[in-house]
Each structure stands twice: as C-alpha cells, then as structure tokens.
Amino acid sequence: MKRFFLFSSVLALASCASFINSHRMHAAETKLQATRTLQQSGQWDAALEMAERMHSSVAKTVQSAPAHKSPGGRVDLRPLLTGWETGPFAALKTALQKHDAKASTTAFSSLRQQCMNCHTVIGKADIKLKEIQ
C-alpha cells in the first residue's frame, strides 16, 4: 500500500509540474503577442517590460524541468534557452530599446521561429505559436 501511495504521489506531482509548465509556456506566448501589440502602438518601454516577463515565463519553465523526453532520448533544454536568450531574445530587446520597428519585426519573427524549433526538438511540433502580425 505504501508503494502505491508513493507512486501515485510522484505521478500526481509530475502531472502538476507538467500542467504548470504548460501554463507558463502558454503565458509566454500571450506575452509575446502583447509585446508585439505594445511595440506596434509605440509603447516601447512597456513592450520591453512585457518581453522581460515573457522571458521569465520561458526561463522558469526550463529551470523547473531542464531535461525533457524527446523522440531521440532526453534533451537538455538549458543550451536551447541560452541560444534563445543570446540570439533572438537579445535582438528583440535591443530593437525595442532602440525603438527600431524594422529590427523588432525581424526579431519577433526570429524569436517565434526559435520557439518552434525547440518544440520540434522535444517532439512537440504540434504545438504551434500564433503568427506575429
């Protein structure tokens, strides 16, 4: 009976963590869209703040579950997060800080694509992000 209780407790906690991470990533997508909306309306500082909140959602997700099962085995998401942070996310922050509409459009597109690439790596290519308008 103790083994069953222990097993069911572990399963429940894992399910809860998975739900929280799914919620965080959905929140990150919502914040990505909000960042774009703020940028397009000329609210550059607010867009930058929202981008940081998006980053927080993504980073917390990876920190809480750095290794992920994929079709090819386990994948360490930390290098993918680092690439995202130093690549398209850094480009987006720079574009927003400079109030550069053209560079931010390119950065949004690149950032979204890197998110989609990560989904593919972990075997979740069916998770689609809304197009950046």
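Quantities reported herein were computed from a predicted structural model and do not represent experimental measurements.
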- Does the side chain of Thr35 come within less than 4.5 Å of Phe108's, by heavy atoms? yes

- Considering only heavy atoms from C-beta outward, does the side chain of Cys115 approach that of Trp84 to under 4.5 Å? yes

- Query: Looking at OG1 of Thr105 and NZ of Lys102, how far apart are the two atoms once the value is rounded to the nearest 0.5 Å?
  - Reply: 10.0 Å

- Task: Kindly work out whether a path of hydrophobic side-chain contacts (I/L/V/M/F/W/Y, heavy atoms less than 4.5 Å apart) joins Val62 to Met54.
- Result: yes

- Query: Any donor-acceptor pair under 3.5 Å linking the side chain of Thr30 with the backbone of His26?
  - Reply: yes

- Task: Flag yes if Leu48 and Trp44 sit in one hydrophobic cluster, no otherwise; membership is Ile, Leu, Val, Met, Phe, Trp, Tyr, and two members link when side-chain heavy atoms are under 4.5 Å apart.
- Result: yes

Just distance, no hydrogens or angles: give the donor-acceptor pairs under 3.5 Å from side chains in residues 85-97, sequence neighbours left out.
residue: Glu85; atom: OE2; partner: His55; partner atom: NE2; Å: 2.7
residue: Thr86; atom: OG1; partner: Thr82; partner atom: O; Å: 2.9
residue: Lys93; atom: NZ; partner: Glu52; partner atom: OE2; Å: 3.1
residue: Thr94; atom: OG1; partner: Ala90; partner atom: O; Å: 3.0

- Flag, side chain of Ser109 to backbone of Thr106, donor-acceptor distance under 3.5 Å: no

- Reported CG-to-CZ distance for the pair Asn117 and Arg112, which is rounded to 0.5 angstrom: 10.0 Å

- Message: With heavy-atom distances below 4.5 Å as the criterion, would you say the side chains of His68 and Lys124 are in contact?
- Response: yes

- How far apart are the closest heavy atoms of Pro66 and Gln63, and which atoms are they? CD-O, 3.6 Å

- Quick one: closest heavy-atom pair of Asp76 and Pro79, and the distance? O-CD, 3.2 Å

- Hydrophobic cluster membership, Met25 vs Leu81, 4.5 Å side-chain cutoff: yes

- Message: Measuring from atom CD of Gln43 to atom CE of Met50, what distance do you get when rounded to the nearest 0.5 angstrom?
- Response: 10.0 Å

- Query: Atom OG in Ser104, atom CG in Leu111: separation rounded to 0.5 Å?
  - Reply: 12.0 Å

- Going by distance alone, is a donor N or O of one side chain under 3.5 Å from an acceptor N or O of the other, for Gln33 and Arg36? no

- Nearest heavy-atom pair of Leu80 and Gln114: which atoms, and what distance? O-NE2, 4.2 Å

- Can you find a heavy atom in the side chain of Ser57 that is under 4.5 Å from one in the side chain of Lys31? yes

- Message: Using modelled atom types and a 3.5 Å cut-off, is there a donor and acceptor pairing between side-chain atoms of Ser64 and backbone atoms of Lys60?
- Response: yes

- Item | In one Ile/Leu/Val/Met/Phe/Trp/Tyr side-chain cluster, 4.5 Å: Leu77, Val121 | yes

